[in-house]
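The structure under discussion appears below in the form of structure tokens.
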Amino acid sequence: MRYSQFLIPTLREDPAEAEVMSHRLMLRAGMIRKLAAGIYSTLPLGERVIKKTAQIVREEMNRAGALEVTLPFVQPAELWHESGRWNVYGKELLRLKDRNERDFCLGPTHEEVITDLVKGVISSYKQLPVNLYQIHIKFRDEIRPRFGVMRAREFIMKDAYSFDVDEKGAEESYRKMYDAYCRIFERLGLKFRAVEADSGPIGGSFSHEFMVLADTGEDVIVACTDCDYAANMEKAEIQAPQAAPVKKDDFNELQRVETPQMKTIEEVTGFLNVDASSLIKTLVFASAHDPVVALVRGDHEINEIKLKNLLACDHLELADEELIERITHAPRGFAGPVGLKDVEIIADLGLQGRINFVTGGNEKDIHLINVNINRDFTVSRFADIRCAQEGDSCPRCGEKLTTTRGIEVGHIFKLGTKYSEAMQATYLDAGGSSKPMVMGCYGIGIGRTAAAAIEQSHDEHGIIFPEPIAPFSVIIVLVNPTDEKQKQIAEHLYNDLLAQDIEVLLDDRDERPGSKFNDADLVGIPLRVTVGKFAVKENMVDLKWRKTGEVKQVAVDSVTEAIAENLRKTNFT
RNA sequence: CGGGGCGUAGCGCAGUCUGGUAGCGCACCUGGUUUGGGACCAGGGAGUCGGAGGUUCAAAUCCUCUCGCCCCGACCA
């Protein structure tokens, strides 16, 4: 491709709208442009990156025996009523009506469509297992799209769905996908980790997330320093601390203290000169049913996902001011468990074995000290409802846990028979009896993966693409296109590389060399060849590696071979 | 949806407080010089100041309403 014939509208300055690096760089490199919040156009350069990412995913899915299909983006509401999700999915599901006022939605995921498809075409155990996938558009009307294509509303996803005769088969399908995902992210050259995850509203019994490690990631990964346990913070279990039995003799007398305007943990601990671990945070939650009060230590964070799973409810959110006052009869910041009536109180395991707590007094500007469980209030149940933190004990081996941040690029689920039962996707087994297929589903965000690669690999000059998804392998910078001799050499080299099937971009623009070098750095092409006056005078060109900055002088005659050799090497490492 | 911020040329911004000719840098077009890390000279095009209403002799600027976008929280690939 000739740069002059291509379209790479690079930006010299950072667009004001972009905060995270991958978003900025994708805009600056002319890969994407925004149309509306969370809705992006992909320009030619971005398209090449997306296509390459998708192709690697496709190859590995095919290798794992999955079959590519294309499923409709616009889906009839009836399917969603069948699965029961029409009323559950919430506002994220963009609903629309056709000219006949029939309800439709834009597909945020395709379990319904695929299950409906499969139940129509598969009826015998002889046709199973089967795994169907597509690489296609999804639309989720996200509450808050952000970070460019990292969390877009419209995005490209690879979604695969497996159907098996039984649980054992489903586990095998799951394992195949797990392995395929590992291969995919390895081939993409990403530092990643597969972690245990909460299965969320898609449902199912078991799931893993594939996280690309990056400081700007939205997810927190909890990993063991010793064994291979790793989980999403949402899910990460904590080994229950051994609670020493409390001695009632050590209970001090309950007291009220005035704590004017002190609402936060820091303010209260600072004022009373106590450790945050002896404070009880009292959190009121509104759920679909009754409000719930959750208690965690001042030095711990509540894990709403764990609480939600414990309560087995669909909706759970922190109470608003009004509900807090109704439950505690005090403004926000002074809630405590003592004296609460008619509400379930769930306490984190971390409260066990401890005495003489500080809590809110359920009265403005009042806290209580020397509060003790079972003397001053009772707990409905104890459970693990807090977030793991650095230094907690691994639930598997007991060693220390650490935390890192990650970007969720893939997610695999064992669905079981949730959809096949709801939608009657059954088959006849060898004995002639009808059974529900056992399903799994497997997603990869293609654009997000490309963005994550950029997030993980860039410097102050721009993107440093991993070779497998770089839009071009090589860029030839023709320093002075008005110099006929330079031009000849560059053109010759360009044709040689094309003949070798090497993806090459020839920067033949009549621009200053500095602009060309900066653009080459910005768009992150792995290898740069500079054809300038040395090429004419001494028959030498510079090869420069984007990643390391290493420069090598190579004779014009041998540069094609040197490049081909280098690309072969990187493809195998 | 709650909290914070921003809408002025393709991009980045100034001008708004204190109403009076719509500006700067980059990009773009023409000509010339230049060509190994974002050149220079000369000339040029481009904005209903997000939109609607109001106040005023006069509104980018003041008032009211509205739309859009970004950031922080509840969602997820």
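From a predicted model like this one, the values you see are computed outputs, not experimental measurements. Order of the sequence lines sets the chain letters (A, B, ...), proteins ahead of strands, with each chain counted from 1.
Using a 4.5 Å cut-off on side-chain heavy atoms (C-beta onward), A/Ile475 and A/Leu527 make no contact. Residues A/Ile454 and A/Met31 have side chains in contact (heavy-atom distance under 4.5 Å, counting atoms from C-beta outward). Here the side chains of A/His23 and A/Glu17 are in contact, with some heavy-atom distance below 4.5 Å.
The same atom, C1', is picked in B/rG47 and in B/rG23; the two are 11 Å apart, to the nearest Å. If you take atom C1' in B/rU8 and the same atom in B/rA59, they sit 14 Å apart, rounded to whole Å. Spacing of P atoms, B/rC72 relative to B/rC28, comes out at 33 Å, to the nearest Å. B/rA60 and B/rU30 have their C1' atoms separated by 32 Å, given to the nearest Å. Taking atom C1' on both nucleotides, B/rG51 is separated from B/rC76 by 34 Å, rounded to a whole Å. Remark: the separation of the C1' atoms in B/rA77 and B/rG15 is 44 Å, to the nearest Å. Taking atom P in both B/rG68 and B/rA52, one finds a spacing of 16 Å when rounded to whole Å. Taking atom P in both B/rG25 and B/rC41, one finds a spacing of 11 Å when rounded to whole Å.
In this structure, CD on A/Glu154 lies 9.0 Å from CG on A/Leu35, to the nearest 0.5 angstrom.
Ring-plane geometry between A/Phe413 and A/His411 is classed as parallel, the angle between the planes falling under 30 degrees on a 0 to 90 degree scale with a further cut at 60.
The nearest whole Å value for the distance from the CZ atom in A/Arg85 to the C1' atom in B/rC76 is 13 Å. With rounding to whole Å, A/Phe147 atom CZ is found 15 Å from B/rA77 atom C1'. A/Ile143 has its CD1 atom 13 Å from the P atom of B/rG73, to the nearest Å. Atom-to-atom, NZ of A/Lys308 to C1' of B/rC76 comes out at 11 Å; the value is rounded to the nearest Å. Atom CD in A/Glu92 sits roughly 9 Å away from atom P in B/rA77 (whole-Å rounding).
The base of B/rC76 sits within donor-acceptor range of the side chain of A/Asp219, with an N or O pair under 3.5 Å. Put simply, the side chain of A/Arg146 and the base of B/rC70 share no donor and acceptor less than 3.5 Å apart. Below the 3.5 angstrom threshold, one finds no donor paired with an acceptor across the side chain of A/Arg153 and the base of B/rC75.
Under the Watson-Crick or G-U wobble criterion, with both distances below 3.5 Å, B/rA42 is paired with B/rU30.
Geometrically, A/Arg95 does not engage A/Trp80 in a cation-pi contact, judged by NZ or CZ lying under 6.0 Å from the ring centre and within 45° of the ring axis.
With sequence neighbours excluded, the residues that form a side-chain hydrogen bond (donor to acceptor under 3.5 Å, both in side chains) with A/Glu60 are A/Arg63, A/Arg183, A/Arg187.
For A/Phe210 and A/Tyr178, the ring centers are positioned less than 6.0 Å apart.
At a cut-off of 3.5 Å, with distance as the only test, a side-chain donor of A/Glu59 or A/Gln55 sits close to an acceptor on the other residue.
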*Which nucleotides of nucleotides 24-37 of chain B have their base under 4.0 Å from a protein heavy atom (B), which only their sugar-phosphate (S), and which neither (-), written as one string 5' to 3'?*
-BSS-------BBB
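At the heavy-atom level, A/Glu17 lies under 4.0 Å from the strands shown only through sugar-phosphate atoms. Contacts of A/Ala450 with the nucleic acid, taken as non-hydrogen atoms under 4.0 Å apart, are absent. Residue A/Arg144 is in base contact, counting any heavy-atom pair closer than 4.0 Å across all strands shown.
OP1 or OP2 of B/rC76 has not a single side-chain nitrogen or oxygen of A/Lys91 nearer than 4.0 Å.
Taking 4.0 Å as the cut-off between side-chain N and carboxylate O, A/Arg151 and A/Glu142 count as a salt-bridged pair.
Using a 4.0 Å cutoff on non-hydrogen atoms, the parts of residues 22-36 of chain A near RNA chain B are A/Arg28, A/Lys34, A/Ala36, ordered by number.
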